[in-house]
Amino acid sequence: MLRFIVRRLLQLVPILLGLSVLLFAWLRALPGGPAQAALGERATPEAIARYNELFGLDQPIWVQYLRFLGRAVQLDFGTSARTGRAVTTEFLERMPGTVELTVFAMVFAVGVGIPLGYLAARKHGSWLDSTAVVGSLLGVAIPVFFLAYLLRLLFAVELGWLPGSGRQEVRIDATHITNFYVLDGLLTREWDAAWDAFLHLVLPGIALGTIPLAIIVRITRASVLDVVNEDYVRTANAKGLAADTVRRRHVVRNALLPVSTTIGLQTGLLLSGAVLTETVFAFGGVGSAIYDAIFARDFAILQGFILMLAVVYVLVNLLVDISYGLLDPRVRVR
Amino acid sequence: MGDVRRQRIDELAARAGRVPEGEGGVSLVRSAFRRLRRNPVAILGAVIVVVFLVVAAFAPWLAPRDPLAQTLLSEVRPGAIPGPQEGFPLGADQLGRDLLSRLVYGSRQSLLIGVVSTVLGAVVGMAVGVLAGAFGGWVDTVVMRFVDILLSIPSLLMAISISVLLGQNQYALMIAIAVTQVPVFARLLRGSMLAQRGSDYVLAARALGVRHGRIVFGHVLPNSLSPVIVQATLSLATAIIEAAALSFLGLGDPDIARPEWGAMLATAQAFLSVRPALAVWPALCIIVVALGFTLLGESLREALDPKFRR
């Protein structure tokens with residue numbers, strides 16, 4: 001198992017190097033290049049020349065790349081043109097929000113998706129099954145931001161049941177230690193702050209969780225239907241095991257293998273791709289920061305955030321691999 | 001990394017690579033088509049797709065009005081956008097233009113974006129996949145490493161970076177979406193080709209002394225295409241939804257002379273509380289078309305996959 005993990009970790013090195021080359025090239029290919037990125041669009045030519053000299057942009061390209069890489073390894077991606085703060089600081093401040101949102105969305109997707117998919121498979125052909133199948137197709141076809149707007153309009157604007165923007169009411173004077181607002185509230189025993197932060201997760205979390213929900217329902221259903229027809233299930237039934245035992249020990253266990261992979265992959269995607277949902281709910285995580293950066297043409301932020309999010313995505317996928325190896329011994333052998 | 005995602009692409013490829021037994025000497029394509037025709041889901045998907053293609057093709061004849069004419073502009077007030085009325089079955093948009101006509105014309109641009117970006121992504125991806133699958137060895141290693149790097153960037157972030165790089169126009173939008181599809185197609189075709197490598201007909205051809213190039217292009221490639229076709233159908237749906245997402249992020253096509261569902265939906269969000277229909281109609285179009293392509297793609301997968309044969 002250890003060799004398996006080490007091998008996977010080593011495979012990360014070329015991927016991460018490749019990513020750094022791509023994003024380095026990306027910033028350079030932009031009209032104006034890195035100087036414009038750092039100084040903003042209205043920088044004067046003199047300022048740009050000075051900047052180029054100061055940061056060694058007049059050096060050969062490979063020297064520039066090595067410097068970029070050296071700084072990137074130390075998590076230094078320059079400063080935001082808009083706020084003047086370090087990109088990494090901005091990222092670390094905003095990532096906890098996205099993590100909280102992802103956790104909520106995935107708990108929702110898994111909590112509803114697995115039971116629904118399992119029931120649909122057990123009642124194969126029933127109205128519940130058809131509804132689950134149609135629903136899961138719709139869930140993937142609906143543009144996320146439209147769904148987010150609908151939820152917000154209905155439950156926040158019209159009915160006023162849930163908050164429709166931000167991460168916490170401003171009037172709640174909450175103490176923040178970790179920037180995970182719900183966690184902060186629990187740590188400082190400011191229960192109302194924690195509850196309020198939690199309520200702010202509900203609508204964006206449901207919007208964000210819809211696609212994973214649809215996919216999990218589909219995979220669970222297909223996987224249970226597959227496993228039920230396996231020889232070992234027939235054997236277990238034939239040797240007279242109670243139906244409940246067969247389901248618990250043979251069907252569910254094996255059927256959840258592909259589901260666990262899907263859950264992992266979707267978690268990685270949500271952590272890196274909540275741009276649309278966060279924007280609609282002005283959530284203040286990494287996603288809405290990317291949206292702001294697109295508008296402000298804040299390229300340093302875009303470069304740093306995309307690189308760091310890709311690394312998060314890659315690492316989550318690695319964890320999925322490893323856990324898959326733990327769950328299914330057959331994978332390790334290869 | 002991304003190993004699980006890669007495995008799933010490879011699995012699909014390998015599964016479709018299994019050479020099935022013919023049904024009484026009927027070719028795979030023909031028997032697949034026969035099964036498609038018997039599948040109501042496939043028919044539904046096909047009908048949806050054909051209807052929208054017809055609408056797009058005949059937009060100038062089907063649309064009741066000019067999609068750009070601001071006929072009802074005088075009736076647009078802050079907080080009030082004209083609803084359905086005589087001659088305007090779905091009402092007007094925030095600039096007094098006929099919504100129905102804009103939807104009809106919008107189908108052209110939306111489908112065009114979907115088709116062009118998918119074809120572009122598929123062609124480039126297939127070229128890369130053939131390169132890796134046909135040569136093997138170090139070419140394969142280098143090419144696939146590059147593909148893996150591309151796969152390690154979440155597709156929306158990749159599309160955003162490319163859009164920002166290329167600027168805002170319809171071609172940039174298509175290219176941005178196409179690039180996100182390239183690694184998927186490359187990996188799929190390569191896996192599918194590798195699965196064919198050891199099959200009997202390839203060995204037979206090799207034993208007969210057929211040249212390598214001829215084996216690859218004459219035998220292996222045609223037999224490896226079915227997962228690519230399935231993926232392309234599904235990608236059409238994704239591409240249209242992704243185009244809407246990019247429009248929403250302000251990275252769409254700024255040309256107002258070309259109505260497009262994604263852009264219409266994105267603009268309509270600002271008027272959601274005034275007239276939700278402005279957003280609901282283009283959203284419905286996107287959902288139904290995406291559903292059509294998805295249903296068609298999934299049934300194609302079933303029809304071409306020997307595992308599903310009964």
Side-chain angles (χ1 to χ4, degrees), chain A residues 8 11-12 14-19 21-23 26 29-31 137-138 140-147 149-150 152-153 157-158 258 261-262 264-265 268-269 271-273 275-276 279-280 290-291 293-295 297 299 302-303 305-307 309-311 313-315 317-318 320-321 324 331, chain B residues 1-8 41 145-146 148-158 160-167 234 237-238 240-245 247-251 261-262 265-266 268-269 272-273 276 279-280 282-284 286-295 298 307:
Chain A
R8 285 282 188 275
Q11 282 172 358
L12 277 187
I15 301 266
L16 294 181
L17 275 178
L19 268 176
V21 173
L22 274 188
L23 278 150
W26 176 78
L30 285 169
L137 283 170
L138 277 178
V140 185
I142 189 168
V144 178
F145 65 94
F146 175 64
L147 180 70
Y149 266 115
L150 281 189
R152 204 174 88 96
L153 181 70
V157 180
E158 295 291 329
T261 315
T262 311
L265 289 181
L269 266 181
L271 279 176
S272 58
V275 182
L276 303 169
T279 302
V280 173
I290 288 186
Y291 177 78
I294 294 174
F295 259 86
R297 292 289 182 262
F299 298 123
L302 278 180
Q303 185 194 36
F305 273 43
I306 290 177
L307 190 55
L309 286 175
V311 171
Y313 182 60
V314 167
L315 287 178
N317 280 351
L318 177 77
V320 175
D321 269 1
Y324 199 64
V331 179
Chain B
M1 85 86 259
D3 215 56
V4 188
R5 192 162 151 212
R6 283 189 315 215
Q7 257 172 38
R8 275 188 45 197
V41 175
R145 267 293 125 79
F146 185 67
D148 286 344
I149 293 169
L150 290 184
L151 272 179
S152 74
I153 308 175
S155 65
L156 185 62
L157 292 186
M158 177 128 78
I160 290 175
S161 348
I162 293 171
S163 269
V164 168
L165 192 63
L166 297 181
L234 296 173
T238 337
I240 292 174
I241 298 172
E242 208 150 291
S247 278
F248 171 68
L249 293 175
L251 295 170
W261 297 335
L265 177 56
Q269 308 300 344
L272 207 53
S273 48
V280 170
L284 266 182
I286 292 174
I287 293 169
V288 172
V289 150
L291 209 56
F293 283 122
T294 310
L295 293 178
E298 293 291 344
K307 209 184 124 192

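Lettering of chains follows the sequences in order, A, B, ..., and the numbering in each one begins at 1. Here the structure is a predicted model, which is why all the values come from computation and not from measurement.
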Asker: Where is the tightest heavy-atom contact between L151(B) and Y313(A), given as atom of each residue plus distance?
Answerer: O-CE2, 3.7 Å

Asker: What residue among V314(A), V311(A), N317(A) forms side-chain contact (heavy atoms from CB on, under 4.5 Å) with S152(B)?
Answerer: V314(A)

Asker: Non-hydrogen atoms of chain A under 4.5 Å away: do they reach the side chain of I240(B), the backbone, both or neither?
Answerer: neither

Asker: Taking all non-hydrogen atoms of both residues into account, name the closest pair between W26(A) and V164(B) and its distance.
Answerer: CZ2-CG1, 4.1 Å

Asker: Determine the option with the most heavy-atom pairs under 4.5 angstrom with chain A, choosing from G250(B), A237(B), A245(B), P276(B).
Answerer: A245(B)

Asker: Let me confirm one number: the CD1-CG distance from I15(A) to D148(B), rounded to the nearest 0.5 Å.
Answerer: 5.0 Å

Asker: How long is the span from the CG atom in L156(B) to the CG atom in L269(A), to the nearest 0.5 Å?
Answerer: 10.0 Å

Asker: Can you tell me how far apart CG (L307(A)) and CG (L157(B)) are? Round to the nearest 0.5 Å.
Answerer: 11.0 Å

Asker: Indicate the atoms forming the closest heavy-atom contact of A141(A) with I241(B), along with that distance.
Answerer: O-CD1, 3.4 Å

Asker: Pair L22(A), I153(B) - check side chain to side chain contact (heavy atoms under 4.5 Å, CB included), show working.
Answerer: CA-CA 10 Å; L22(A) 274 188; I153(B) 308 175; 4.1 Å; yes

Asker: Under 4.5 Å from any heavy atom of chain A, what part of E242(B) do you find: side chain, backbone, both or neither?
Answerer: neither

Asker: To check you understand the geometry: which heavy-atom pair defines the closest contact between F248(B) and V280(A), and what is its length?
Answerer: CZ-CG2, 3.7 Å

Asker: Any heavy-atom pair between the side chains of P154(B) and I306(A) that's under 4.5 Å?
Answerer: no

Asker: At a 4.5 Å cut-off on heavy atoms, which part of L153(A) comes close to chain B: side chain, backbone, both, or neither?
Answerer: side chain

Asker: Using non-hydrogen atoms and a 4.5 Å limit, figure out which bit of L251(B) sits close to chain A: side chain, backbone, both or neither.
Answerer: side chain

Asker: Once rounded to the nearest 0.5 Å, what's the spacing between atom CZ of R145(B) and atom CG of L17(A)?
Answerer: 11.5 Å

Asker: Could you look at L284(B) and say if it's the side chain, the backbone, both or neither that has a heavy atom under 4.5 Å from chain A?
Answerer: neither

Asker: Quick one: what part of F295(A) sits under 4.5 Å from any heavy atom of chain B, side chain, backbone, both or neither?
Answerer: side chain

Asker: At a 4.5 Å cut-off on heavy atoms, which part of V140(A) comes close to chain B: side chain, backbone, both, or neither?
Answerer: backbone

Asker: Among residues at least two apart in sequence or on other chains, which ones pass ring-ring contact (aromatic ring centres under 6.0 Å, His included) with Y149(A)?
Answerer: none

Asker: For V280(B), is it the side chain, the backbone, both or neither that has a heavy atom under 4.5 Å from a heavy atom of chain A?
Answerer: both

Asker: Could you tell me the separation between the CD1 atom of I142(A) and the CG atom of L291(B), rounded to the nearest 0.5 Å?
Answerer: 11.0 Å

Asker: Find the one option among S161(B), A244(B), A266(B) whose heavy-atom pairs under 4.5 Å with chain A are most numerous.
Answerer: S161(B)

Asker: Rounded to the nearest 0.5 Å, how far apart are CD1 of I286(B) and CZ of F146(A)?
Answerer: 9.0 Å

Asker: Check each atom of T294(B) against the heavy atoms of chain A and say whether the ones under 4.5 Å are side chain, backbone, both or neither.
Answerer: side chain

Asker: Between L302(A) and chain B, which part of the residue has a heavy atom less than 4.5 Å away: side chain, backbone, both or neither?
Answerer: side chain

